[in-house]
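Throughout, a chain's letter reflects where its sequence line sits, starting with A, and its residues are numbered from 1.
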Amino acid sequence: MDLNYTPEQIAFRHEVRDWLQANVPRTALKSFDTAEGFEQHRQWEQTLAQGNWGMVTWPKEYGGRGCNLIEWLIFEEEYYRAQAPLRVNQNGIFLLGPTLMEYGTPEQKERFITKMASGEEMWAQGWSEPGAGSDMAAIRSKAVREGDEYVLNGQKVWSTRAVFADWVFCIFRTDPTSERHHGLSFILVPLDAPGITVRPIPQLNGLPGFAEIFFDDVRVPVANCLGGEGEGWNIAMATAGFERGLMLRSPARFQETAKRLVALYREHANDIVDLSVEDAVVKSFMDAEAYALSTYQTASRLMKGGKIGSEASVNKISWSELDQHMHETAMRILANNAELLPDANTEATVGNWLEGFLFAQSGPIYAGTNEIQRNIIAERLLGMPRK
Amino acid sequence: MDLNYTPEQIAFRHEVRDWLQANVPRTALKSFDTAEGFEQHRQWEQTLAQGNWGMVTWPKEYGGRGCNLIEWLIFEEEYYRAQAPLRVNQNGIFLLGPTLMEYGTPEQKERFITKMASGEEMWAQGWSEPGAGSDMAAIRSKAVREGDEYVLNGQKVWSTRAVFADWVFCIFRTDPTSERHHGLSFILVPLDAPGITVRPIPQLNGLPGFAEIFFDDVRVPVANCLGGEGEGWNIAMATAGFERGLMLRSPARFQETAKRLVALYREHANDIVDLSVEDAVVKSFMDAEAYALSTYQTASRLMKGGKIGSEASVNKISWSELDQHMHETAMRILANNAELLPDANTEATVGNWLEGFLFAQSGPIYAGTNEIQRNIIAERLLGMPRK
Amino acid sequence: MDFTFSEDQLVFCDSVKQFLQKEVTADSLRTGWDSQTGRDEALWQQMVELGLTAMLVPEQFGGLGMSELDFVLLAQECGRVALAEPLVETALVATPLLACQADRDARCATLLEKIATGERRVAVGHAVNPTVSDAHIADYLILPSGNEIHLLERERVSLIPLQSVDPSRRLFKVEWRPEEETLLVNGARGVSAMAATLNRGALGAAAQLIGLAEAMVDMTVQYTTDRFQFGRAIGSNQALKHHMANCAVKTEFAKPALYRAAYTVSQRPVHADFAVSHAKVAAGEAALLAAKNGIQSHGAMGYTWECNLHIWMKRAWALDKFWGHSGFHKNRLHQWLMNPNAKIGADKTFGEQHKI
Amino acid sequence: MDFTFSEDQLVFCDSVKQFLQKEVTADSLRTGWDSQTGRDEALWQQMVELGLTAMLVPEQFGGLGMSELDFVLLAQECGRVALAEPLVETALVATPLLACQADRDARCATLLEKIATGERRVAVGHAVNPTVSDAHIADYLILPSGNEIHLLERERVSLIPLQSVDPSRRLFKVEWRPEEETLLVNGARGVSAMAATLNRGALGAAAQLIGLAEAMVDMTVQYTTDRFQFGRAIGSNQALKHHMANCAVKTEFAKPALYRAAYTVSQRPVHADFAVSHAKVAAGEAALLAAKNGIQSHGAMGYTWECNLHIWMKRAWALDKFWGHSGFHKNRLHQWLMNPNAKIGADKTFGEQHKI
């Protein structure tokens with residue numbers, strides 16, 4: 001165990017910091033769930049890509065820097081410290097990208113990874129269906145092969161980013177006689193293909209963070225199938241593994257929230273009459289630290305050849321409930337100003353806490369509800385009986 | 001709604017207070033889970049009975065005062081306020097007594113209620129069996145009728161007070177071909193009957209608060225069957241209804257604990273560094289008040305002809321988690337003196353908090369675990385689907 | 001000693017409940033979001049006709065002369081339907097304040113008569129709230145300034161709208177100047193009127209919070225019963241059952257605290273601080289938990305704008321903090337508990353000792 | 001940057017784990033309750049032979065010259081078996097204190113040698129603890145008095161036994177008088193030695209608490225898998241699964257905090273306050289939750305003296321409060337967070353900034 005950064009790691013941190021300082025937009029971008037904000041964020045992705053900072057862990061050939069996980073953590077720490085914009089293409093770079101590298105054909109890699117990395121093509125995610133939320137194997141959307149094409153019909157829901165994105169990756173049932181997780185295929189679909197209708201789904205804040213997608217005889221080349229026909233379930237599981245794993249929920253995000261919470265607490269220290277807020281702030285800070293420490297531990301282990309196991313579920317519960325707790329605490333500190341929207345006509349604006357509070361409500365739900373994660377921990381990590 | 005006591009109620013309160021002041025033993029009795037303490041408590045029951053204060057809601061013919069529920073609540077408030085001894089015969093007076101009055105034959109009432117009321121006969125409760133804890137219908141102990149007698153064989157467990165009590169009420173399977181809750185009978189058994197072996201089960205504090213009872217060809221007259229052969233399940237449910245209902249968990253008990261907790265908190269206010277303790281104390285007090293208010297509400301409703309419904313499960317969760325929370329809070333205030341036994345050789349003695357803390361651990365478990373109570377609330381009160 | 005509502009109270013509540021359930025729906029609330037005032041004039045007139053604005057107006061001013069206790073169940077029903085109209089603020093909070101001053105101040109008498117008939121509406125400001133709700137549709141505003149309370153025509157103030165997370169709420173910062181002719185009451189009477197107003201405001205918020213909590217539990221139970229996953233209703237999962245059971249426990253124990261508070265406010269208002277703060281904290285906790293467990297049990301659907309749950313959640317988040325947030329009220333309870341003269345214990349639940 | 005234990009550390013821990021699991025059982029612990037000292041001389045000698053008492057003794061005094069980081073996993077294993085012997089107090093808490101003074105004080109050098117060989121045992125008092133544990137079997141006691149630390153033969157003090165809820169613990173109030181000849185260190189050095197001792201004490205307690213938590217979860221999982229009710233294993237109920245999953249989450253996130261604390265204590269002891277307090281609070285919470293959910297999942301069986309669970313529960317309740325209770329350590333964290341110079345944020349997890 002050595003908890004000192006190497007001189008190279010320190011140098012890398014400074015390089016990241018300097019670049020971000022020079023390049024992060026001075027004024028906050030609009031939400032990427034608006035058309036204008038989406039384009040602003042796309043622009044930012046292109047800026048990142050031009051500096052080769054789009055995805056530092058990717059190999060150099062794809063515009064990455066071949067960073068290891070510790071370097072990735074350092075990058076993320078600096079990224080959140082600099083209050084750089086959220087990653088609009090996270091479905092692409094964190095989920096589909098790694099999956100493509102592992103399972104894609106050389107042609108698929110060339111066609112898709114480069115444009116994803118360059119910020120040219122933005123990706124939506126399309127797994128859930130009405131009636132198949134947590135139960136992903138209940139998929140009914142169909143892909144029927146006709147010559148060199150699949151003809152797609154059906155409906156996806158909870159597609160994040162689908163309102164403004166360029167492409168979507170989905171699972172379709174390619175074997176009509178199959179059931180549950182058999183006979184599924186993982187298919188990449190351009191969102192401007194004829195026969196596609198995207199219906200935005202506004203979320204708690206009124207903005208369309210996800211959408212329903214309707215497929216009506218949509219035709220895509222069979223070359224758009226990733227990992228082989230009928231392999232959809234395995235590919236999706238691999239992708240979901242990435243989702244629930246390290247990359248998407250960087251500890252730096254929560255540490256910076258905890259830092260802002262401590263600042264908010266200090267600022268209001270004199271008018272807080274509810275002394276249990278102190279406890280909630282201390283807890284927030286400890287839990288954010290613990291999440292960071294745990295991630296460093298996992299990263300260190302993976303770099304020595306370990307594998308990600310059920311940490312994924314433990315992590316999911318941890319970050320989502322931490323995020324919720326931090327924002328609830330901020331609401332308690334802001335007290336009766338907490339309900340005011342950030343653009344409200346007042347100096348008592350609550351900044352981004354309310355927006356963050358709304359978003360935090362989704363944490364324990366998406367990427368597998370926390371109830372399901374607790375089942376997984378009990379059954380797989382602890383070995384409790386299934387039925 | 002009228003939240004003033006009537007002059008009669010106020011007079012009754014004073015009568016109770018005066019009698020208790022004159023009669024409550026000046027020094028605390030030993031635990032009734034010791035032989036010596038049990039006899040001390042039996043003595044106290046006899047003292048209560050002599051003053052007709054043993055069970056104020058009972059009819060006068062059984063040594064009661066025919067009090068209504070509000071008067072009962074007043075009595076309980078004064079009883080706990082006076083720090084009067086715990087009721088060693090609670091299985092008798094709160095559970096079996098009301099059941100006998102409702103379902104007993106005239107002979108059974110005469111034989112059992114009077115001696116129960118006078119403090120002459122103490123009762124144990126014998127429902128659970130190994131392998132049939134929460135699942136009360138899985139009972140295997142048998143009663144075979146031979147002439148005017150039942151021959152009892154089998155085993156009971158978690159029998160509270162059975163180590164020192166005189167009688168036990170149990171459920172036996174009288175129909176050997178029956179299953180689950182059919183074919184059961186509710187039978188009263190003297191604990192000195194030949195063929196009975198009582199094995200004490202020490203609890204967390206080392207004292208035998210309950211016992212296993214082994215029945216080896218024990219013979220009792222068929223007249224000891226309460227409510228008719230085969231009616232055991234219904235009788236037991238009625239008794240359990242009383243158990244989970246109003247009588248056993250008097251709000252006064254928790255209000256007095258909350259009062260002691262506030263006093264403990266005030267006493268330590270200057271050396272408490274953990275400010276969330278304040279919140280825990282306020283919460284304790286509020287919850288104890290709420291439990292009292294809720295009980296007054298239910299009592300008022302019942303006096304107007306209402307029935308007890310699923311309040312029972314709501315109450316069970318409420319008092320047991322309140323009791324646990326109050327004792328955990330006391331442990332936090334006592335900090336590193338909390339682990340010391342009350343008879344420890346030191347002035348830093350923690351009084352009865354540790355003993356209470358140990359006892360509070362059982363609250364969420366006995367009389368139907370809180371998990372089962374939550375199922376009941378969800379399914380019966382809220383109507384959620386069973387499977 | 002009788003801790004039940006009268007048959008009359010229950011029957012009237014039931015008729016109001018039926019009226020509200022019929023007239024105030026998620027659709028009608030959504031319609032209001034897009035309208036200019038966010039308020040429905042016709043609905044208000046229906047409520048006036050039912051006598052709801054007249055309930056706490058003394059009989060001598062054309063009202064029904066009823067009490068806060070009579071109104072509390074109705075306030076719960078207003079919460080249950082997430083009513084946007086300021087009925088609770090008008091009838092429960094503003095009216096008794098005016099009634100208190102009516103024998104000394106002719107403006108109050110006139111205003112009370114017109115509140116009863118639905119011709120006038122009043123909005124109330126208070127030091128614990130950073131904003132005044134529904135000031136835009138009020139004819140008069142009651143506003144605090146130090147120990148003074150002033151009564152002003154809306155034309156005399158300037159309103160700066162602020163947006164709440166709850167699109168049904170209309171909040172305003174009020175800019176105004178106290179003048180001699182606007183003074184309603186001051187000195188010790190002003191302080192005590194302000195304290196009583198706070199308690200009524202908190203009582204009204206608490207009642208609505210419980211109604212909101214119960215409504216969220218009901219809609220979540222319905223959703224989890226109808227929604228199937230892995231071949232069965234998701235509500236058959238023990239985790240979701242326990243989420244809802246926990247909400248029910250909170251709500252069931254907040255209700256008697258609410259009713260005790262309503263009784264105390266109406267019968268012994270100067271001793272009501274403790275009871276009101278208890279009710280507000282307990283009701284807030286019940287509503288916040290129902291919101292949290294409600295959205296969690298709805299899954300992704302609960303996170304959408306089109307699912308109605310958020311209408312109730314947002315109102316709960318807002319009212320939990322309005323008329324004194326949890327910390328404010330817990331602090332009052334704490335102050336009282338730390339007072340060595342505070343009479344607490346099993347025999348002290350009812351009585352005049354609950355003064356903070 | 002490498003946040004893993006070395007292969008050597010893991011292999012050694014594993015061998016000690018196997019040894020402890022074999023030698024220390026619920027039965028052997030129960031036997032200890034009825035014995036005069038409550039301690040097993042033969043077991044102690046076996047631990048000495050494994051080198052456990054010598055681990056943190058510097059090599060020049062016949063020890064292995066290892067660090068707190070090397071020991072932390074072993075302390076976790078001591079907790080896992082609920083070891084009654086004062087191995088953690090001796091090896092992790094007392095030894096480094098003596099080692100610090102050894103070049104200035106010949107008594108320490110001699111004592112260290114004899115601790116390594118198992119000939120002497122030392123008990124440690126500290127202002128945060130009202131009692132000294134295992135003073136009755138110690139040859140020497142290290143005791144604080146103001147800024148001074150004294151070293152006394154047991155014969156020089158008088159011991160008043162106090163009973164703990166945990167029958168394995170042997171606690172004593174110590175009556176003694178500081179004298180010139182018993183002085184070990186004073187002044188600023190005394191203060192800093194005392195502060196470091198507190199951190200090592202809390203670290204040792206935290207490590208044991210995590211071991212206790214994991215053991216309670218393991219035995220509860222086993223029990224709920226074996227125990228059938230309503231025709232199926234009770235552990236198949238989602239409520240019990242979630243009870244255990246919640247424990248696992250707490251424990252999994254307490255562990256890295258513990259290991260960071262151990263690293264910081266061994267590498268940058270003067271900056272360890274923050275890391276230690278974090279670890280102690282998190283480990284205490286994990287152990288208390290495992291106790292609470294453990295007994296709840298066991299049902300009535302968990303409430304009995306014959307079920308082994310209470311052995312672990314009681315140790316958890318005691319150690320959660322020993323070497324600084326949760327409130328004490330949270331207060332240290334709070335003080336630090338309120339310091340405007342505290343460097344916090346995503347890039348500050350590791351480094352020297354964690355000084356309170």
Side-chain angles (χ1 to χ4, degrees), chain A residues 1-6 9 13 17 70 74 76-78 80-81 250-253 255-256 258-259 262 265-266 269 278-279 281-283 285-287 289-294 296-297 299-301 303-304 311 313-314 317-318 321 371 373-379 381-387, chain D residues 1-6 9 69 217-218 220-222 224-225 232-236 238 240-249 252-257 259-260 262-264 266-268 274-275 277-278 281-282 285 327 330-331 333-334 336-338 340 342 344-351:
Chain A
M1 190 175 297
D2 177 1
L3 302 187
N4 296 298
Y5 293 104
T6 64
Q9 288 166 339
R13 182 186 292 282
R17 188 173 295 189
I70 299 293
I74 292 169
E76 290 285 298
E77 288 166 2
E78 293 302 319
Y80 280 96
R81 183 179 178 278
S250 167
R253 174 179 143 202
Q255 289 184 291
E256 285 297 308
K259 179 182 173 179
V262 169
Y265 172 62
R266 284 186 194 150
E278 168 194 304
D279 200 60
V281 172
V282 171
K283 178 181 162 51
F285 189 76
M286 281 197 300
D287 288 355
E289 284 271 301
Y291 185 60
L293 293 168
S294 164
Y296 267 93
Q297 202 181 30
S300 300
R301 207 167 47 67
M303 284 168 63
K304 286 187 165 176
E311 293 99 325
S313 293
V314 176
I317 290 170
S318 170
E321 297 184 357
E371 287 76 17
Q373 305 299 345
R374 288 191 161 88
N375 291 351
I376 292 174
I377 293 170
E379 291 167 9
L381 182 66
L382 302 176
M384 289 176 81
R386 272 164 199 256
K387 256 290 148 263
Chain D
M1 177 61 61
D2 172 20
F3 199 172
T4 60
F5 286 94
S6 71
Q9 286 166 330
L69 181 63
V217 168
D218 284 350
T220 306
V221 166
Q222 191 63 54
T224 58
T225 303
R232 58 197 186 119
I234 61 173
S236 64
Q238 200 180 23
L240 299 198
K241 286 183 186 175
H242 286 199
H243 279 338
M244 289 299 106
N246 288 337
C247 294
V249 171
E252 284 311 309
F253 284 94
K255 282 199 276 191
Y259 304 147
R260 193 236 325 234
Y263 180 88
T264 315
S266 74
Q267 302 292 316
R268 311 165 188 153
F274 176 87
S277 285
H278 180 184
V281 172
E285 282 179 5
K330 276 199 271 189
N331 190 47
L333 294 168
H334 181 248
W336 180 76
L337 286 179
M338 284 306 281
I344 57 177
D347 56 322
K348 307 289 196 311
T349 305
F350 302 102

For chain A, the option from D/M244, D/H242, D/E285 that forms the most heavy-atom pairs under 4.5 Å: D/H242

Choice from A/Q255, A/K259, A/R374 maximising heavy atom contacts with chain D below 4.5 Å: A/R374

Contact winner vs chain D - A/I377, A/I317, A/V314, heavy-atom pairs under 4.5 Å: A/V314

Whether D/F253 and A/Y291 hold their rings parallel, tilted or perpendicular, with breakpoints at 30° and 60°: tilted

Aromatic plane relationship, D/W336 with A/F285 - under 30° parallel, 30 to 60° tilted, over 60° perpendicular: tilted

Residue part contacting chain D, namely of A/V262, when any heavy atom lies under 4.5 Å: side chain

Pair A/R253 + A/E76: basic N to acidic O under 4.0 Å: no

Option in D/P256, D/A257, D/C247, D/A245 with maximal non-hydrogen atom pairs under 4.5 Å from chain A: D/P256

Structural part of A/I70 lying under 4.5 Å from a heavy atom of chain D: side chain

Region of A/E78 in contact with chain D, defined by heavy-atom distances below 4.5 Å: side chain

Donor-acceptor contact below 3.5 Å, side chain D/Q9 vs main chain D/S6: yes

Max heavy-atom pair count under 4.5 Å with chain A, selected residue of D/A233, D/A282, D/G235, D/A248: D/G235

Heavy-atom pair count under 4.5 Å with chain A, highest-scoring of D/D218, D/T225, D/N331: D/T225

Chi angles and distances behind the side-chain contact (heavy atoms from CB on, under 4.5 Å) call for A/L293, D/T349: CA-CA 8 Å; A/L293 293 168; D/T349 305; 3.7 Å; yes

Counterpart residues, side-chain hydrogen bond (donor to acceptor under 3.5 Å, both in side chains), relative to D/Q238 (two or more places apart): A/N375

Side-chain donor-acceptor contact under 3.5 Å, A/K304 with D/T4: yes

Winner by heavy-atom pair count (cut-off under 4.5 Å) against chain A, out of D/S236, D/A254, D/G345: D/S236

Contacting region of D/L337 [heavy-atom separation from chain A under 4.5 Å]: both

Chain D contact via A/A258 - side chain, backbone, both or neither, heavy atoms under 4.5 Å: neither

Whether A/Q9 side chain and A/T6 backbone form a donor-acceptor pair below 3.5 Å: yes

Criterion ring-ring contact (aromatic ring centres under 6.0 Å, His included) on D/Y259 and D/F5, from CA distance to verdict: CA-CA 9 Å; D/Y259 304 147; D/F5 286 94; 4.9 Å; yes

Heavy-atom proximity to chain D below 4.5 Å, by part of A/E321: neither

